[in-house]
Amino acid sequence: KPIDLDDLSVTIEKAIEQIEYVHQSQAEHTQLESLKSDLADASEIQQAILPRVFPPFPELTDKLDIAASMTPAKDVGGDFYDFFRIDDDRIGFVMADVSGKGIPAAIFMAVSRTLIRATGIRGGKPSECIAYSNKLLAAESVDSMFVTVFYGILNVNTGEVTFCNAGHNPPYLMKPDGTVEPLPIMNDPMVGAIDGLDYHDGTLQLEHGDSIVLFTDGVTEAVTK
């Protein structure tokens, strides 16, 4: 039977299309696997920059106990916590939530965390730390990203807490008898969106056995499946 050149041409074209499709699929699969690997590495790096050794201040275990964890909604996210020694008497502690999710939020989170820590270690008032951080972050903010922040300073000898709440969920004070009450709402704005904003300090006196519970909207927005 004679070979139909038109049929042969169509068959060859289909074969070429299938080969190109396979090559494209393989390339996309390789890119996807590479992206997954990069995200896994980014997640490990993000977790590594947060305090992970507990108790973080072994020399103070007779005065206070600190515990914290972060589980991002995606591979990486914008929530973060931090705590650090300011001097022999004071410890700074932070709970924050960057707008958005994914890689942009993770990058903004790393910048925010580093800036707040570097500023807080200087020992100024929480409101001064947040105002300065807001000034720098607002100058560099992309796509109107911002971060809500609760920053407190605990005097480990007196139990006094000075704090600034910049648009974050109000923490809760838990008493030894099980009663729970939210800290006063400060009505201060989030950080990083607009330069030149004012922030204010609040105070709280912790008694023996009291606990402060801080969280992000990952808790308030959680749903049961």
Side-chain angles (χ1 to χ4, degrees), residues 42-43 45-47 49-51 68-84 86 90-154 160-173 181-204 212-222:
S43 179
I45 292 172
Q46 185 178 49
Q47 292 287 345
I49 68 174
L50 301 178
S69 67
M70 183 190 77
T71 303
K74 296 183 178 181
D75 296 273
V76 291
D79 294 1
F80 68 94
Y81 63 84
D82 199 8
F83 25 84
F84 44 84
I86 297 175
R90 297 178 298 164
I91 289 176
F93 59 97
V94 179
M95 182 66 68
D97 181 7
V98 172
S99 60
K101 293 178 173 60
I103 294 177
I107 295 174
F108 200 77
M109 165 264 187
V111 174
S112 301
R113 181 261 181 184
T114 302
L115 178 58
I116 293 172
R117 168 182 273 255
T119 307
I121 287 177
R122 298 177 183 176
K125 296 178 180 179
S127 59
E128 296 173 344
C129 171
I130 296 302
Y132 182 72
S133 299
N134 177 68
K135 177 180 177 65
L136 296 185
L137 288 173
E140 303 297 334
S141 180
V142 178
D143 294 332
S144 300
M145 295 191 71
F146 61 87
V147 56
T148 64
V149 183
F150 182 94
Y151 172 45
I153 298 177
L154 167 67
E160 182 182 50
V161 177
T162 305
F163 64 88
C164 178
N165 190 343
H168 198 72
N169 305 80
Y172 282 83
L173 173 64
E181 59 184 62
L183 268 64
I185 297 176
M186 302 293 293
N187 292 319
D188 281 352
M190 63 281 191
V191 176
I194 303 173
D195 187 12
L197 299 177
D198 294 326
Y199 295 90
H200 308 85
D201 291 307
T203 58
L204 171 69
I212 298 180
V213 181
L214 302 99
F215 55 93
T216 67
D217 59 11
V219 173
T220 57
E221 296 177 0

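Only heavy atoms go into these numbers, but all of them, side chains included; no hydrogens, no water, no symmetry mates.
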Q: Looking at every heavy atom in both Asn134 and Ala193, which two are closest together, and how far apart are they?
A: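 Scanning both residues completely, I find the closest heavy atoms to be OD1-N, 4.1 Å.
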Q: Using the ring pair (Phe, Tyr, Trp, His ring centres under 6.0 Å) criterion, which residues pair with Phe146? Sequence neighbours excluded.
A: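 Applying ring pair (Phe, Tyr, Trp, His ring centres under 6.0 Å) to Phe146 gives none.
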Q: Once rounded to the nearest 0.5 Å, what's the spacing between atom CG of Leu214 and atom CZ of Phe93?
A: 6.0 Å
Q: Using side chain to side chain contact (heavy atoms under 4.5 Å, CB included), reason through Leu154 and Ile212 one step at a time and then give a plain yes or no.
A: CA-CA 11 Å; Leu154 167 67; Ile212 298 180; over 6 Å; no
Q: Quick one: does Phe84's side chain get under 4.5 Å of Val94's, heavy atoms only?
A: yes
Q: Please report the closest heavy-atom contact between Asp217 and Asn169, naming both atoms and the distance.
A: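 For Asp217 and Asn169, the tightest heavy-atom pair comes out as N-OD1, 3.6 Å.
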Q: Taking all non-hydrogen atoms of both residues into account, name the closest pair between Cys164 and Ile130 and its distance.
A: SG-CG1, 4.0 Å
Q: So, His168 side chain and Val147 main chain: donor-acceptor pair closer than 3.5 Å or not?
A: no
Q: What is the distance from atom OH of Tyr199 to atom OH of Tyr132, rounded to the nearest 0.5 Å?
A: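 Result: 15.0 Å between the selected atoms.
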Q: Taking only residues two or more places apart in sequence, or in another chain, which ones meet Asp82 in a salt bridge (charged side-chain N to carboxylate O under 4.0 Å, His left out)?
A: Arg113, Arg117
Q: Run through Val213, Val161, Leu183 and flag the one making a side chain to side chain contact (heavy atoms under 4.5 Å, CB included) with Leu173.
A: Leu183
Q: Nearest heavy-atom pair of Ala105 and Ser99: which atoms, and what distance?
A: CB-O, 3.9 Å
Q: What residues form a side chain to side chain donor-acceptor pair (under 3.5 Å) with Ser133, not counting sequence neighbours?
A: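 Ser133: no side chain to side chain donor-acceptor pair (under 3.5 Å) contacts found.
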Q: Just verifying a value: how many Å separate Ile194 CD1 and Leu137 CG, rounded to the nearest 0.5 Å?
A: 13.5 Å
Q: For Ser127, check side chain to side chain donor-acceptor pair (under 3.5 Å) against everything at least two apart and list the hits.
A: Asp201
Q: Mind checking whether Phe150 and Phe163 have parallel, tilted or perpendicular rings, split at 30° and 60°?
A: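 Plane angle under 30°, so parallel.
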Q: For Ala68, check side-chain contact (heavy atoms from CB on, under 4.5 Å) against everything at least two apart and list the hits.
A: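 With sequence neighbours excluded, Ala68 shows a side-chain contact (heavy atoms from CB on, under 4.5 Å) to Phe54, Tyr81, Phe83, given in chain and number order.
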Q: Considering all heavy atoms of both residues, which atom of Asp79 and which atom of Met70 are nearest to each other, and what is their separation?
A: O-SD, 2.7 Å
Q: Which value, rounded to the nearest 0.5 Å, describes the distance between Met190 atom CE and Met145 atom CE?
A: 12.5 Å
Q: Working to the nearest 0.5 angstrom, can you tell me the gap between Tyr151 OH and Thr162 OG1?
A: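 Taking OH in Tyr151 and OG1 in Thr162, the distance rounds to 9.5 Å.
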Q: Starting at CG of Asp97, measure out to CZ of Phe215 and round the result to the nearest 0.5 Å.
A: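 Separation between the atoms: 11.5 Å.
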Q: For a quick test of reading the model, state the closest non-hydrogen atom pair linking Ile91 to Ile86 and the distance between them.
A: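 Scanning both residues completely, I find the closest heavy atoms to be C-CD1, 4.3 Å.
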Q: Among all residues two or more places apart in sequence or in another chain, which pass the side chain to side chain donor-acceptor pair (under 3.5 Å) test with Asn165?
A: none
